[in-house]
Each structure stands twice: as structure tokens, then as C-alpha cells.
Amino acid sequence: MTAIQILFILSAVVILGAAVMVVSTKNLVHAALYLVAALFGVAVLFALLDATFLTVVQVVVYIGAIAILFIFAIMLTRREMRDQGEQLNRGWGAAALIGLLTFGGLFMLLSSWRGFNGTAAALPSGFDGVVELGAALVSTDAFVLPFEVASVLLLAALIGAVYVAGTKK
Amino acid sequence: MIPLSWYLILAAALFSVGLFGVLARKNAIAILLGIELMLNAVNINLVAFWRYGSLASIAGQVFAIIVFAVAAAEVAVGLGLVISIYRRRNTVVADELDLMKW
Amino acid sequence: MATETLIWLIPLPPVLAFFLIVLFTNRSKALSHTLGVGAAFLSWLGSMVVFYKAVTTEHFSGFASSIPWLPVGDTWFRIGISIDPLGAAVLFFVAWTIFMIFLYSVGYQNFGQPKGDHDRAGLPPHGATVTDEHGHKHMVLSVEPMYSRFFAFLGLFAFGMYTLVVSDNLLTLFVGWEIMGLCSYLLIGFWYGKPSARAAAIKAFMTTRIGDVFMLLGIAFLYQATGTLTFSEIFTEETLHVLATTPAFFGLSAAGAIAILLFVGTIGKSAQWPLHVWLPDAMEGPTPVSAMIHAATMVSAGVYAVLRMFPLLTAGWHEGAALLPAMNLVAFIGAFTALFSATIAVAQNDIKRVLAYSTISQLGFMIAALGIGAYIAAAFHLITHAFFKGLLFLGSGSVIHGMEHGVLHTGDHHVDPQDMFNMGGLRKKMPITFWTFLIGGFALSGFPIITAGFWSKDEILADAWANGHLTVFITLAVAAFLTAFYTMRQITLTFLGEPRTKEAEHAQETPWTMTVPLVVLAVFAAAYGWVGIPEHFPVLGGILPNWFHEFVGGSLLEHPEALEFSWAPLLTSLSVALGGLGLGYLVYRNVKSPAEDKLQIPALKNKWYFDEIYDFLFVKPSYWFAETFTYQWMDKGVIDGILHFFGKAAAWIGDTLRKYIDAWFINDIVADKLSHQWTVHPAARAVRKVQTGRIQQYMLTSIGVLFVVGVLVYYFFMA
């Protein structure tokens, strides 16, 4: 077992453990903090996959912005959730079953795929993923349209969120 | 070296845990947390397929970035809705938000 | 600092002041006017330094610097600054008048006075009640509610004028020109609560816009013909020669056509006939605005533009030759306007309106001078006129201000503080205003030797005489006579005799911020003429060198010759000035009311009915076209008619369908008879239980179904 594999297993354990805590802990603030831990684990995986830019974005956007947004929302609605003893609803058994079935189904499907145990080719020398990614995002032959649409989406979401959450006078 | 299967299994597990959270948590914010887990599972898959597939086609990473953008939009609007509902009905329990029933 | 750098910087302080006032200091009146006046002072200082350097430079031909600005094809469009002798002379008077007007505005807008009782933004201040130490209540002038805004606008205006003067090409000149157009709109409509001010602002904007469109056409034509808009590149002998020999249209050369198009812009801006109608109405603005627009800057800008374009106007012409068609047109417009508006001024009773028509008339003098090729005389008159007309306007503002004080004292608000027949005897109440106004008035009339107006006007007349333009000479001489006459009428009615109303008795001298500019401008109104005494003038000629002629003449490629002296124009100008003044005093010394005034002829009083004619010819048809033709016939009749037809047809179809299909078949037979009693209703009742409204339950169900379907598909089709 190589060091990289040990690193992977460690982060996988952190991710899955944190994810389970996210869906099971009674204290929502703790749930949000566990989410941060899980997201960090995913960032480590991105680094292992040589997606350097995504690693940074994962930390900056996901942990820096989205997770903080969650904590804000939890704080704003805190009084309500403390009263609730049970955090799972009545159908949680069925939900667990569905979850397990999903995992099983995915596992079956994937393991029957012939590329399941594929390995990665070494990065060619001089390969710069960030440059490739940047060029692809603004190239008219590649992804400039989705990129621009995403920015419009963000703007729309921004305005929508302000409109929905704002108090009407 | 890590085989692709490890990533895929991890992502599948993460996805299922997230799905369980979405289906089982009472609190609307917690449901959104579950959605985040699922989106991250998807992202792991996308990046892993890029790394283990053709490096020249950068689509995997681009998709991950689009997912980031969608996640940010979704969280902003979703939390806005939750806060708006909380302000009006004083609850964030998803089951109690059942105005749209028969 | 290099002079060129300094010239670049001159226009900037006022525009900075504009932004600072608008963005930050608009709540504080003191801070705003400090910024405004300070900026005007800085620009003034810069201008003076530049002027001093220009004057002290031996054989001065100009400062210039430019930067590439816009790539056009494979070259650059360059913008820059240039100050040639004409520019320096213009900069001198612009800087002085603008600075004085800023200072004057502090007093005119009643800084330091209490807030008015009922004042609101958009209306002139109505006065405030104060209680003195004895417990007596009385009314005093109140501060302008939009004081800061006024200084902001003035700043922007000053920016436009400085830009226009220092620019070295037609495009930036036009930019400054249009900025001033905007500011004049804003400032004329400053008291936007008054309907008359709103109408005047729109009128001024629309009228000058007509001229500006032609000017823009001229600029485009020029650029198309020469590929440049920079003065120094256009006014080379080769370019001018090419332009003068290229035919354009109506038998004009390209140079003539361009000059005429640009001149139409001047007609609008300098309020020449037939676009003169806006200027008298512009008197609705506060008085410093009148002075700013009607003396110091905007109307001068029009004449300045023609001066700048003089080589183009006269391309292919040399002194003594017959006038070119374009020059004939310019001379005609100028001379006609000079006489025409002088006749109107004679019958006006509003103190500012008299001055407004007088301004139009004097601008006509300059334009006429340019038309007959008297470049230096026109420039000279432009500058002396700016000083004395600025002085007269500020003086009239001071009179109005003093009268408003009287109106507040008596409390009778029906008395118009601008009507000269309500005044009289103000010389004792407002001595500084009186003496300075007298100097300005005499300069305007061309009182011999001691006033600047005499020298500049005399030079125009002498030029017309010497070059044999007898028609222009006679027209201008008659206009000059009328000028002296109405000026004396104004002075007599306003200041001499006894007060005709209680308000005039209680008029009061204005504060120092208003009188200081008056005194400064009065000095120039008297003394500026002495820099341009012709060499061959009897006795006085040659004592002082004819500096102006030498200096400003350096702007032209070919230095104009000094005129031979001749007695005829001098005697004419002496007799019309003194005769007009004398007659004005004799006729009006005992006139008490408008009824006794023999010259209140309806045609003159109503400005030769030009407003009515334009209303009939342009305004009414436009309204008719918009309201009756476009709106009633086209929009409501044709377009709405078609749409309504479709709407009605669709409604008819819908109604028919509803009646015979929906109501009868669906509702009666299908819904009521079939479903209600038999199937649909009970089935719906059973199925709706599924709709719990719980989102997670929906999700659970749908994923469960997905699984089942997935397994089935897998089992039956894939395996």
C-alpha cells in the first residue's frame, strides 16, 4: 500500500464519517461543521486527482462561502430546531432502505463496467491543468456558452435570493 | 496507484448517504445539507473520470465548475426560501410545510 | 510646469468641483460654494498665467500639445489643446467673467440669509420672517433652496467653456459646446417649479439644437473633405486652397458650404435671427446665469467658433475683394440681427429683456464684422462686449435683488421687481450699482474715448466704411443709434428721476460679493478698449501701441493691415452714440408709466411676432402631426383598428366555441352527465389522498418507483 493510497483511505474515512454525522447529528450547527469536514475531504481527493484549480475552488467557494451560508441560515432559524427532539421523520426507515438500494444498485452497475478497475495514465510533462481549464472555459470551440449561462444563473439566483428572503415593505 | 473503482465506490457511498439525508431529515436546512453531499459525490465522479479518462478533454473539470455554480445558486435560493418560510410560518420542518396538499 | 500642461489643467477644477458638490458636499452650502468659487479661482489663476506667458512671448504664435485618442483606420484621431493669440485673448475674458460670476452668485443666491418660510426647491426664494432685538417681525431675503446645485451647474458650465476655448480641434470644441447647451438648459430651468422657466429651458434647448445639428453636419463634411478636425491641420494654405476650389452645392465651394453649416450652429448658439427666439426667454434663469450665458460664455462661444473658422469662411478671399457668398450670408444675418433686435429692445420693459435683445444685437455686430472680413474688430468687440454686457447683467441682477428687498419690505408681491417702470431713482439707494451700470451702459452705447465699447464698435464701423460695405455700415450705424437710445432709456427709467413705487424707495444696495464683481468688470468695461486704439486715430493714436491688433492678428496666416483713418465713420459713431444717449434721456426723463411711453408699439413689444409665427409654422403643425395624425389617425385609427378587429374576431370565435362546444357538449354532457354521476368524481376523491403535500414523501415515492421501473427494465430488456 502506497502513501497515496493511505492518504486516500484516510480522507475517504473522514468524508464518509463526516457525511454520516451530517445526516444523523441532532445539532444542526454540528451538522454544518461536519459538512465542512466532508468538503475538506473532497478537496483532498481533488488534489489527489491533480485537479489543482478545483481544490482551491472547493475550499474557497464551498467551504468559504456555501458552508458559511448554511451556518448563517441555521443561526437565523435556530430557535425552532432546538425544540425538535427527533431530527428524522417518520419515513426514515424507507429512506435508509432507498439509500442502501441506491448504493447497491450503483455498485452493481459500476462493477459490471469494464473500465471499473482502470488506472490513471501519468500526467504528461508540462501539462498545466489550470491553463487547459481556463482556455476551455473561454474558448468559443469549447465551453464559453455554458460558462456564461452559469454566470447568468448566478446573477438570477442572487436577485432571486434577495427577493425571496427580503422583507416586503 | 489508486484504481478508479475506489473513487467510484466512495462517491456512490457519499451519494447514498446524502440521499438518505435528503429523504429522512426533518429540518429543511438539513435537507439542503444532504443535497450538498450528493453534489460533492457527483463532483468526485466527474473529476475522477476526467483524470482516468482522456486528459485532453477537460470537460470533467468544466462540469465540476458548473456544478459549483449551480450549487451556489441552489444554496442561495434554497436558504432564501427557508428563511422566508421561517419568517412567515415560524417553522423549518419540511413535513409541516404541507400547504400544497389536497 | 510647462505651459502646455497648465493649459490641459485649466478646465479641470470646475468639473471636479461639479462632481464633488454633486456627490459629497451638496448638503453644505458653505462647502459647496467654497468648492465652486475655489475651482473658478484656480482656473482663473491658470488662465492668467497662460495669458501672461502668451503676452510676454516674443512673436507669440501659440502653445499646442495633443495626444492620440481614437484609432481611425491606420491613423489616430488626435485631441489636444492649443492657445493661439485669439485663444489667449478669449481665455483672458472668459476667466475673468466666469470668476466674477461665481463670486457674484454667492451674494445673488442670498448666502448667509435665513431659510425661507415657504421656500421649496424649484422655485425662487420668497423671503423669510425674522424677529429683531426689539421684537419687530420683518421680511428679509431668504437663501436659495438649491444653492449647492446652482454652483455645481455653474462648475459644469465653466468646464464646457474652458474646454471649448482651449481645444485644438472641432470635436472637443463641439463637446464643450454641447456641455454648455446642456447646462444652459439646466440653468434656465433652474427654478423648474415655474412653468415659464420650464418652457424657456425647453425652448432654448430645442432652438439651439437646430443649430447644433447643422454644425455637426458641417463637422462631418469637414472631416470627410480633409480627414482631420484639428485647426492647425485645416488652416494650412494647401488645405484651404483645396477646400476653396472644390465645388460643393448651390454654387458654393466646399469651404463655403462647411463654413455656412458651422455658422448655422453659431446662429443657434449666439441667438442670431432666425434662431434668436430662445435668448430673451432664457431670462427666466437666475441672473448670474443670464450673465454667464448671455455675456461671458455661451453666446460668445458662437462668435468664437466663427472666429476660429474665419480662415475657412474666407478661404479664397483676400482683403479688398468682393465678398464670397458665404461671407455675404454671414454679413447679412449679422447686420439684420443687429438692427432687428435693437428695434425690439426699445419697447421692452423688463430690465433683463432689454439686455437680452441688446445682446442679440451686439452679437449681430460681431457676426456682421466677420462677414465683411473684419476679423480683429469682431474679436475686439467680442471681448469688450463680454465685459460690459456681463457687467450690465450683473448690475441688473443687483437692481432686481435690491428691488426684491423693497418688495419684501412692503409685502406687495404683485409688484414685478424686474419691470423698469416700477423703478426710478435707484441711483441714491444703490450708488455702486448705479455707477457701474452707468459705465456698462455707456460702453454698450459706445460713449467716446473712455469706454471700451466705443473703440471696438468704432473699429467695426471703420472697417465697413473703409472696405466699402455701405449697406452694412448704414445698418450698423442705425443699430448703434438705437442701442444708445434704449440704453439711456433703461438707465433713465431705472436709476434717474424719483422712485415711482414704494418698493423702489426701499431698495437697498447689495452685499459685497455682488458689488465687487461689478467694480472689477466696470474697470475692464472702461479700460479694455485702450489696448486697441487704432494707430492712425487723431491725437490718441500711437500713444499706446495697438496691442490688440498686433497680438490677435497673429492668429491668422496673413497678418491684416491696419486701416487708414477716416473721419466719416468716426463722426458717425460719435453722433449716433451721443445722439442716442441724449435723445434717450430727453424722451424718458419725465415718463412715468408705460402709457406715456410712445414707443410701446405692439409690433415691437411683441418682438415682431416671431414667437407667434414660429408657433403657427412649426409648433402647431408638430402638435397636430403628433396628436391628430400620428396618435388619433395612425395609432388609434389604423393600428388599433386592425388589432381590435383581430381581437373582436378572436372573441367571436371563442364565444361561439364556448357556447356550442364547451357549455353544451363538455359541461353539460361530459362533465355533468357522465363524470359527475359515474366515474371521474369518485375516482379523484380516492386518488387525491396521495397528495400529502410533503416533499420528502413525494421524493421517496418517486425514487421507489424509479427503482421498480429500473429493475423491471433491467430484468425484461437488458438481461
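Letters go in sequence order (proteins before strands), and every chain restarts at 1. The basis for the numbers below is simple: all heavy atoms, side chains too, and nothing from hydrogens, waters or symmetry mates.
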To the nearest 0.5 Å, how far apart are CG in Leu28(A) and NZ in Lys26(B)? 12.5 Å
CD1-CG distance between Ile66(A) and Leu39(B), expressed to the nearest 0.5 angstrom: 8.5 Å
What is the minimum heavy-atom distance between [X] and [Y], and which atoms define it?
{"X": "Asn117(A)", "Y": "Pro3(B)", "answer": "OD1-CB, 4.2 Å"}
{"X": "Leu16(A)", "Y": "Ala13(B)", "answer": "CD2-CB, 3.8 Å"}
{"X": "Gln5(A)", "Y": "Ile2(B)", "answer": "CG-CG1, 4.0 Å"}
{"X": "Leu33(B)", "Y": "Ala32(A)", "answer": "CD1-N, 4.2 Å"}
{"X": "Ala150(A)", "Y": "Ile66(B)", "answer": "CB-CD1, 4.1 Å"}
{"X": "Val23(A)", "Y": "Arg25(B)", "answer": "O-NH1, 2.8 Å"}

Select, from Val162(A), Leu137(A), Asp50(A), the one with the greatest count of heavy-atom pairs under 4.5 Å involving chain B.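 Top option by heavy-atom pairs under 4.5 Å: Asp50(A).
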Highest number of heavy-atom pairs under 4.5 Å with chain B: which of Ala136(A), Ala135(A), Gly118(A)?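 The residue among Ala136(A), Ala135(A), Gly118(A) with the greatest pair count is Gly118(A).
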Listed by chain and number, what are the side chain to side chain contact (heavy atoms under 4.5 Å, CB included) partners of Ala73(B), not counting sequence neighbours? Leu153(A), Leu154(A), Ala157(A)
What are the residues of [range], in order of number, with any heavy atom under 4.5 angstrom from a heavy atom of chain B?
{"range": "residues 141-149 of chain A", "result": "Phe143(A), Pro146(A), Phe147(A)"}
{"range": "residues 91-100 of chain A", "result": "Trp92(A), Ala95(A), Ala96(A), Ile98(A), Gly99(A)"}
{"range": "residues 54-63 of chain A", "result": "Leu54(A), Val57(A), Gln58(A), Tyr62(A)"}

If we only count heavy atoms from C-beta on, is the Asn27(B) to Thr77(A) side-chain gap below 4.5 Å?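 In short, these two side chains do not touch, never coming nearer than 4.5 Å.
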Side chains of Leu106(A) and Phe15(B) in contact at under 4.5 Å (non-hydrogen atoms): yes
Among [options], who wins on heavy-atom pairs under 4.5 Å with chain A?
{"options": "Ile58(B), Ile85(B), Val70(B)", "answer": "Ile58(B)"}
{"options": "Ala24(B), Ala59(B), Gly18(B)", "answer": "Ala24(B)"}
{"options": "Val47(B), Leu19(B), Ile83(B)", "answer": "Val47(B)"}
{"options": "Val77(B), Asn43(B), Leu79(B)", "answer": "Leu79(B)"}
{"options": "Ile9(B), Val62(B), Ile65(B)", "answer": "Val62(B)"}
{"options": "Leu23(B), Asn40(B), Leu14(B), Leu8(B)", "answer": "Asn40(B)"}

Heavy-atom count around [X] [atom1] within 6.0 Å, excluding the residue itself: above 12?
{"X": "Phe53(A)", "atom1": "CZ", "value": "no"}
{"X": "Arg90(A)", "atom1": "CZ", "value": "no"}
{"X": "Ile4(A)", "atom1": "CD1", "value": "no"}

Might you work through the side-chain contact (heavy atoms from CB on, under 4.5 Å) test for Phe20(B) and Val20(A), ending with a clear yes or no? CA-CA 9 Å; Phe20(B) 170 76; Val20(A) 169; over 6 Å; no
For Arg51(B) and Phe46(A), indicate whether the former's side chain and the latter's backbone hold a donor-acceptor pair under 3.5 Å.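 A pair under 3.5 Å: no.
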What part of [X] gets closer than 4.5 Å to chain B, counting heavy atoms only: side chain, backbone, both or neither?
{"X": "Phe103(A)", "result": "both"}
{"X": "Leu49(A)", "result": "both"}
{"X": "Leu133(A)", "result": "both"}
{"X": "Tyr34(A)", "result": "neither"}

Could you look at Ala71(B) and say if it's the side chain, the backbone, both or neither that has a heavy atom under 4.5 Å from chain A?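 Ala71(B) touches chain A through backbone and side-chain heavy atoms alike.
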Is Leu32(B) close to chain A through its backbone or its side chain, or both, or neither, when contacts mean heavy atoms under 4.5 Å? both
In terms of the angle between their ring planes, are Phe49(B) and Trp113(A) parallel, tilted or perpendicular, with boundaries placed at 30° and 60°? perpendicular
